[in-house]
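To find a chain, count down the sequence lines: A is the first, B the second, and so on, and within it residues start at 1. Please read these numbers as outputs of a predicted model, since none were measured by experiment.
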Amino acid sequence: MSDTAKNITDPIEARYAKLEEAKKRGMNPYAYEFKREHKAGDVQAKYKDLADGAETEDTVVVAGRIVAMRNDGMFIDIEDASGKIQIFCHKASTPAEELEKLDLFDLGDIIGVRGLVRRTPRGELSIRAKEITLLTKALHPLPEKYHGLQDIEQRYRQRYLDLIANEDSRVTLRARSKIISEIRKFIEENWDGVEVETPILHGIMGGASAKPFTTHHNALDNDFYLRVAPELHLKRLIVGGLADCVYEIGRLFRNEGISIKHNPEFTTIELYKTYTDYKDMMRLTEELVQHLAMMLYGTTKIKFGEKEIDVKAPWKRATMIDLVKEKTGVDFLTITDRDAAAAKAKELGVHVEPRWKWGEIVLAVFEDKAEADLIQPIHVIDHPLDVSPLAKTHRDNPILTERFESFINGWEIANAFTELNDPVEQRKRFEAQVAAREAGDDEAQMLDEDFVTALEVGLAPTGGWGMGIDRLVMLLTDSHNIRDVICFPTLKPKK
RNA sequence: GAUCGCUUAGCUCAGCCGGUAGAGCAACUGACUUUUAAUCAGUAGGUCGAGGGUUCGAAUCCCUCAGCGAUCACCA
C-alpha cells in the first residue's frame with residue numbers, strides 16, 4: 001500500500017487517499033475514454049459452453065464497476081449493464097505493474113480490463129487480466145454486498161445505490177422500459193397510432209375527475225393546472241384530422257394522497273381512433289395486455305404474489321349494474337329514483353353524500369362492494385351517465401354510457417368509452433360538472449368552451465381509451481408498491 | 001388528513017425490567033493464495049434521527065418535532 005493511503009481506516013478518507021495516490025502514479029482517476037469492445041453478458045453468452053479449466057487465446061476488452069473482490073484482488077467481479085464477469089489477476093500471468101494497481105481499487109470503482117477468456121477449474125468464466133485501467137474512482141462506499149440496500153427510504157432517494165445493490169430493482173425498471181417500448185410498437189403496428197404530445201400546462205382543468213396541481217407562469221402572469229388527463233386535447237387532434245388514430249404516452253399529475261398504488265405523477269397512455277367504439281377498445285386492452293405478458297414471460301398466466309392471473313383474451317365482460325346486483329342483490333336499474341337509490345345504498349352500509357346523483361351512488365356501491373373481488377381480468381361496462389361526462393350515452397339506455405373500465409387484481413387498469421361527440425349534449429354535461437363543482441365537488445371538471453367548439457366543428461364517431469402504465473407494470477413485474485416501478489417516486493424533500 | 005409503527009457504525013442488524021455501545025459485511029495492518037458472501041489473526045470506526053423532560057444514571061421511560069413505512073380516507 002502507498003504511504004498516502006496507509007493506515008486510514010475511514011472508508012471515505014481511504015478512498016480519497018487512493019485517488020490522490022492514483023494521480024501521483026500518473027493515472028487519471030476520471031478517464032476521458034476507454035475503447036470497450038465487449039459486454040460482460042455477451043462474453044458470458046459466447047463462452048457459455050467453454051469447459052471448466054479451459055484456457056483460450058481470445059482477447060476481450062471489457063469495462064464495468066467492481067462489485068466484489070476476493071483474495072486481495074486476485075478475483076474481481078465487474079458488472080456492466082449486461083451482466084457480470086470475473087477478472088483474474090495472478091502474478092503468473094498479469095504483469096507486475098498491473099498488479100500494483102490493485103492497491104488503489106475499491107468496491108464501486110469502474111475499471112477497464114484487457115485479457116484472455118478462460119474458465120476456472122471451479123467453473124467460473126473469467127478474464128485473465130493483461131492490462132487493467134482505472135476509469136472512474138468511486139469515493140462513496142457501496143451498500144453491504146450480501147443484503148444489498150434494504151433501507152426503503154434510501155432506496156428511493158438514492159436510486160443509483162439501489163440499482164447497483166439490488167438486482168430486483170434493475171430487472172423491474174428495465175421491464176418497465178421494455179413494456180413501454182412494446183406498447184408503442186403494438187399501437188403503431190396494429191392500430192396505426194400516431195404519437196403526439198399535448199400540453200402539460202392547462203388553462204382549464206378537464207378530461208378527468210381529479211384534484212390538480214397549480215403553478216404560475218410569470219411572463220403571462222397566469223395560473224396553470226398541471227394536466228390531470230390529455231383527453232380533450234387528443235380529441236381536438238382527431239377533429240383536426242391529424243390522424244385516424246392518435247395516442248400519447250406521458251405523465252399526469254394529481255394532487256391527491258400517496259399510497260402503494262398512487263404516486264402524484266404517474267404515466268398513462270391515451271388513444272383515440274375514428275370509427276371505433278368502446279367494444280373495439282375492449283379488444284385493444286385485452287390483446288395488448290396479453291401480448292405484453294407473452295413478450296415478457298411467454299405465457300398469459302402471470303404471477304402476482306400468491307395469485308395467478310390469466311390475461312388471455314377475450315376477457316370477461318359484465319355491466320356495473322349486474323356486478324352490483326350479483327354482490328348485493330340490488331338491481332339499481334329498477335331503482336332509478338335518486339332518493340330511493342340513496343336509501344338502498346345506505347341500507348347496504350355505503351356512505352352517500354347528499355349532493356350525489358343516482359350514478360354516483362351506483363358507482364360508490366360498486367367500488368365498495370364489487371371492485372376488490374375483480375382479480376381475474378374483466379371489463380366492467382356501461383357506467384352511469386352521471387359519472388361519465390365525456391362518454392357517449394348508451395344506445396340502449398339513456399341513463400348509462402358506452403364506457404368500460406378494465407380491472408385486474410382489483411385495480412382499475414384501463415378506462416375507455418365511445419366518445420361523446422354531440423356538442424349540445426357535451427355542453428349540458430359540462431354544465432352539470434360546473435354545478436357539481438359549485439356544490440362542493442372539487443374534482444368536477446370545468447366548462448371547456450373551446451372543446452365544445454371543436455365538437456361543433458365535428459368529431460367523427462370515435463373510440464377513446466386510457467391505461468395506467470405504472471399499475472400495468474406492477475402487475476407484469478409482480479411489484480407490490482407503485483414506487484418500485486417508478487425510477488424516482490415522489491418523496492418529501494429532506495430538510 | 002387520521003391511527004399505529006420504525007429511525008443504533010458507510011451497509012445489514014442485535015441491544016431484555018433504565019446501569020454508560022455489540023456482531024457481520026465494508027475499511028485498515030498482516031498471513032494465506034484458483035476464490036465464489038474466500039479464509040485466518042489483529043486494528044480502527046458511534047452526539048444511538050433532532051430537541052426537551054423524568055432520573056444519581058436514558059439507545060432504553062415521557063413530551064415535541066422531522067423523515068420513512070403500514071393501514072384507513074381520497075384517487076388511477
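Figure legend. B:U36 is base-paired to no nucleotide; pairs are counted as Watson-Crick or G-U wobble with both atom distances under 3.5 Å. The base-pairing partner of B:U64, taking Watson-Crick or G-U wobble contacts with both distances under 3.5 Å, is B:A50. Base pairing annotation: B:C13 forms a Watson-Crick or G-U wobble pair with B:G22, both donor-acceptor distances under 3.5 Å. Pair assignment for B:A27 gives B:U43, based on Watson-Crick or G-U wobble hydrogen-bonding distances that are each under 3.5 Å. Remark: B:U71 base-pairs with B:A2; criterion is Watson-Crick or G-U wobble with both hydrogen-bond distances under 3.5 Å.
Spacing of C1' atoms, B:C63 relative to B:U54, comes out at 11 Å, to the nearest Å. Comparing B:U47 with B:U43, their C1' atoms are spaced 24 Å from each other, to the whole Å. Separation of the C1' atoms belonging to B:C48 and B:A21 is 8 Å when rounded to the nearest angstrom. B:A59 sits 7 Å from B:U8 when the C1' atoms are compared, rounded to a whole Å. Between the P atoms of B:G42 and B:C56, the separation comes to 42 Å (whole Å). Atom C1' of B:G24 sits at a distance of 11 Å from the matching atom of B:A14, rounded to the whole Å. Distance check on atom P: B:C11 versus B:G49 gives 13 Å, rounded to whole Å. Atom C1' of B:A50 sits at a distance of 16 Å from the matching atom of B:C6, rounded to the whole Å.
Heavy-atom neighbours of A:Lys357 NZ from other residues, nucleotides or ligands within 6.0 Å: above the threshold of 12. Taking a 6.0 Å sphere around NZ of A:Lys39, one finds it holds 12 or fewer heavy atoms contributed by other residues, nucleotides or ligands. Enclosure of atom CD in A:Glu167 is not indicated, since only 12 or fewer non-hydrogen atoms of other residues, nucleotides or ligands lie within 6.0 angstrom. The environment of A:Phe186 atom CZ is dense: over 12 non-hydrogen atoms of other residues, nucleotides or ligands sit within 6.0 angstrom.
The shortest non-hydrogen separation linking A:Thr490 to A:Glu265 is OG1-CG, 4.1 Å. The minimum heavy-atom distance linking A:Met281 with A:Lys273 is given by the pair CE-CB, 4.4 Å. When all heavy atoms are compared, the tightest approach of A:Ser479 to A:Trp411 is O-CH2, 4.4 Å. When every heavy atom of A:Asn263 is checked against every heavy atom of A:Phe266, the shortest pair comes out as O-CD2, 3.7 Å. Nearest approach of A:Asn166 to A:His147, heavy atoms of both residues: OD1-O, 4.4 Å. Taking each heavy atom of A:Glu412 and A:Arg471 in turn, the nearest pair found is O-NH1, 3.6 Å.
When each of B:G67, B:A76, B:U34 is scored by its nearest atom to the side-chain atoms of A:Glu153, the top-ranked nucleotide is B:G67. Distances were taken from every side-chain heavy atom of A:Arg471 (C-beta onward) to each of B:U34, B:C74, B:A76; the shortest belongs to B:A76.
Counting only heavy atoms from C-beta outward, the side chains of A:Val289 and A:Leu472 approach each other to under 4.5 Å.
Rounded to an integer number of Å, the gap from A:Leu491 CG to B:A66 C1' is 14 Å. The distance between atom NZ of A:Lys211 and atom P of B:A76, rounded to the nearest whole Å, is 10 Å. One atom, OH of A:Tyr146, and another, P of B:U36, lie 14 Å apart when rounded to the nearest Å. As a whole-Å value, the separation of A:Phe417 CZ from B:A76 P is 12 Å. As a whole-Å value, the separation of A:Ile260 CD1 from B:C68 C1' is 15 Å. With rounding to whole Å, A:Phe266 atom CZ is found 13 Å from B:C74 atom C1'. For the pair A:Gln158 CD and B:C68 P, the computed distance is 14 Å after rounding to whole Å. Whole-Å rounding puts the A:Leu104 CG to B:A27 P distance at 14 Å.
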Check: What is the per-nucleotide protein-contact pattern of nucleotides 9-15 of chain B, from the 5' end, where B denotes a base atom under 4.0 Å from a protein heavy atom, S denotes such proximity for sugar-phosphate atoms only, and - denotes neither?
Finding: --BSS--
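In terms of phosphate contacts, A:Lys492 brings a side-chain nitrogen or oxygen within less than 4.0 Å of OP1 or OP2 of B:G67. In terms of phosphate contacts, A:Arg157 brings a side-chain nitrogen or oxygen within less than 4.0 Å of OP1 or OP2 of B:C68.
Looking at A:His233 and A:Glu231, their side chains never bring a donor and an acceptor atom within 3.5 Å of each other.
For the side chain to side chain donor-acceptor pair (under 3.5 Å) test, no residue two or more places apart in sequence or in another chain qualifies with A:Tyr146. Remark: A:Asp386 engages no residue in a side chain to side chain donor-acceptor pair (under 3.5 Å) (not counting sequence neighbours).
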Next item on the list: Let me see the working for A:Leu232 and A:His202 under side-chain contact (heavy atoms from CB on, under 4.5 Å), right down to the final yes or no.
Entry: CA-CA 11 Å; A:Leu232 302 183; A:His202 281 192; over 6 Å; no
Note to self: Applying ring-ring contact (aromatic ring centres under 6.0 Å, His included) to A:Phe404 and A:His379, what does each step give before you reach the verdict?
What the structure shows: CA-CA 6 Å; A:Phe404 74 90; A:His379 302 300; 5.1 Å; yes
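Residues A:Ala210 and A:Pro121 each lie close to RNA chain B; by heavy-atom proximity, the contact nearer the 5' end of the strand is made by A:Pro121.
A glycosidic torsion no more than 90° from 0 defines the syn conformation; B:C68 lies beyond that range and is anti.
Counting non-hydrogen atoms under 4.0 angstrom, A:Glu412 reaches the backbone sugars and phosphates but no base. No contact: A:Gly468 has no heavy atom under 4.0 Å from any strand. A:Asn481 comes within 4.0 angstrom of sugar-phosphate atoms only, judged by non-hydrogen atoms across all strands, and of no base.
Annotation: the span from A:Arg25 atom CZ to A:Leu134 atom CG amounts to 11.0 Å, rounded to 0.5 Å.
Taken residue by residue, residues 348-358 of chain A places no heavy atom nearer than 4.0 Å to RNA chain B. Only at 4.0 angstrom or more do the heavy atoms of residues 362-391 of chain A sit from any atom of RNA chain B, so none qualifies. Listed in residue order, the members of residues 62-79 of chain A having a heavy atom less than 4.0 Å from RNA chain B are A:Arg70, A:Asn71, A:Asp72, A:Met74, A:Phe75.
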